[in-house]
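Everything on this sheet refers to the single structure shown next.
As the structure lists them, so they are numbered: ligands from 1, and atoms in each ligand from 1.
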Amino acid sequence: MCTILKQMALQIQVHKDELTELDNAIGDGDHGINLARGFGAVQEKLPELESQDIGSILKTVGMTLVSTVGGASGPLYGTAFMKAGAACKGLQELDAESFLKAFEAAIGGIKMRGKSDEGEKTMLDALGPAFRAYAEKAEAGLPLKTALEAAAIAAENGLAHTSEIIATKGRASYLGERSLGHVDPGAASSALMLKVLAENA
Ligand code: ADP
Ligand code: MG
């Protein structure tokens, strides 16, 4: 788990400017900066988390993100990781079935915290399709990595689709129709996280 989180922190750092550029277009240009700050803090905590179970690790990641990311995405991603942690309580290994529950809990947490749903041009428009693609594979008995690869592809497609919808949640919603033609930065960071998961599972 810690290896995946380390890769996630690294890739967020690599894509920091790109995410910030996307947020410049329809938000306030801080998404990459926010996430890089948060995942930087997560990375610093990884050595002390190494020996813990997956549930505890994810819970700490969530709390760290809530307290360091700032912006709308901090509490949203923070809640997602905390809910995923609660679903993985006591687990030492992640398999397709346990990740299914964690993924579902994470999305539920974002919807609850954000009072949002799919179709509003947010991270949920990458995560929702990704979850369905994941669930289809996991429920067919395919391994975690295969299911995550399907999720990562669906997230990319979901991300692309966000350019065709009008934002009704978050800062981008202030732009109304002017948000058309731009992809959502949170959907981009979600797609990136799923890509890292698929590549490192
Ligand atoms: P802020 O908008 O406060 O500057 P960020 O730039 O870090 O925060 O994050 C913006 C992203 O957060 C958006 O691109 C969107 O995906 C996501 N977001 C904002 N509000 C919501 C919400 N209510 N539900 C789900 N996602 C949201
Ligand atoms: Mg922003």
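For Asp28, the N, O or S atom with the smallest separation from the Mg ion (ligand 2) is OD1. Distances from the Mg ion (ligand 2) to the N/O/S atoms of Asp30 are shortest for OD1. Closest to the Mg ion (ligand 2) among the N, O or S atoms of Asp23 is OD2.
Taking atom 23 (N) of ligand 1 as the reference point, the nearest protein heavy-atom neighbour is Gly114 O, 2.9 Å. Here the protein heavy atom with the shortest distance to atom 18 (N) of ligand 1 is Leu76 CD1, 3.7 Å. Shortest contact from atom 8 (O) of ligand 1 to any protein heavy atom: Ala72 N, 3.1 Å. Nearest protein heavy-atom neighbour of atom 2 (O) of ligand 1: Arg171 NE, 3.4 Å. What sits closest to atom 5 (P) of ligand 1 on the protein, heavy atoms only, is His31 ND1, 3.4 Å. Protein heavy atom closest to atom 20 (N) of ligand 1, with residue, atom name and distance, is Gly170 CA, 3.6 Å. When only non-hydrogen protein atoms are considered, atom 14 (O) of ligand 1 lies nearest to Asp184 OD1, 2.6 Å.
The shortest N or O to N or O distance between Ile110 and ligand 1 is not under 3.5 Å. In terms of polar-atom proximity, Met123 is counted as a contact of ligand 1, with an N or O under 3.5 Å from an N or O of the ligand. Between Gly70 and ligand 1, a contact under 3.5 Å exists for no N or O pair. Looking at ligand 1, you won't find any N or O of Gly71 less than 3.5 Å from one of its N or O atoms. Here's the thing with Ser73: one of its N/O atoms is less than 3.5 angstrom from an N/O atom of ligand 1. Between Lys169 and ligand 1, no pair of N/O atoms sits closer than 3.5 Å. By the 3.5 Å distance cut-off applied to N or O atoms, Lys115 is not counted among the residues near ligand 1.
No hydrogens or angles considered: nothing links the side chains of Ser116 and Lys111 as a donor-acceptor pair under 3.5 Å.
Side-chain contact between Lys83 and Met112: present, with at least one pair of heavy atoms (C-beta onward) separated by less than 4.5 Å. Put simply, the side chain of Leu58 reaches to within 4.5 Å of the side chain of Ile54, judged on heavy atoms. The side-chain heavy atoms of Met82 and Met63, taken from C-beta on, include a pair separated by under 4.5 Å. Side-chain atoms of Leu148 and Phe99, non-hydrogen and from C-beta on, do get closer than 4.5 Å to each other. Side-chain contact between Ile166 and Lys121: absent, with no pair of heavy atoms (C-beta onward) separated by less than 4.5 Å. Residues Ser73 and Met123 are in side-chain contact: their nearest non-hydrogen atoms beyond the backbone lie under 4.5 Å apart. The shortest side-chain heavy-atom distance between His31 and Thr20 does not fall under the 4.5 Å cut-off. Within the 4.5 Å cutoff, the side chain of Tyr77 has no heavy atoms near those of the Asn34 side chain.
In Leu35, neither the side chain nor the backbone holds a heavy atom less than 4.0 Å from any atom of ligand 1. Contacts between Ser116 and ligand 1, counted as non-hydrogen atom pairs separated by less than 4.0 Å, involve the side chain only. With a heavy-atom cut-off of 4.0 Å, Thr122 touches ligand 1 through backbone and side chain alike.
Interface of Asp23 with ligand 1, defined as ligand atoms under 4.0 Å from a residue heavy atom, comprises 6 (O). Against a heavy-atom cut-off of under 4.0 Å, Asp28 is close to the following atoms of ligand 1: 4 (O). Every atom of ligand 1 is numbered from 1 in the order shown, and the set under 4.0 Å from a heavy atom of Asp30 is 4 (O), 5 (P), 6 (O).
Contact between Gly27 and ligand 1 is absent, with no heavy atom of the residue lying under 4.0 Å from the ligand.
Of the charged side-chain nitrogens involved, none lies within less than 4.0 Å of a carboxylate oxygen, so that Arg132 and Glu136 do not count as a salt-bridged pair.
Leu22 and Ile26 are assigned to two separate hydrophobic clusters, defined by single-linkage of ILVMFWY side chains at heavy-atom distances under 4.5 Å. Cluster annotation: Tyr134 is connected to Leu197 through the hydrophobic network of ILVMFWY side chains, with a link wherever side-chain heavy atoms come within less than 4.5 Å.
Annotation: Lys59, atom NZ; neighbour count of heavy atoms from other residues, nucleotides and ligands within 6.0 Å does not exceed 12. Applying the 6.0 Å contact sphere to CD of Glu164 captures more than 12 heavy atoms from other residues, nucleotides or ligands.
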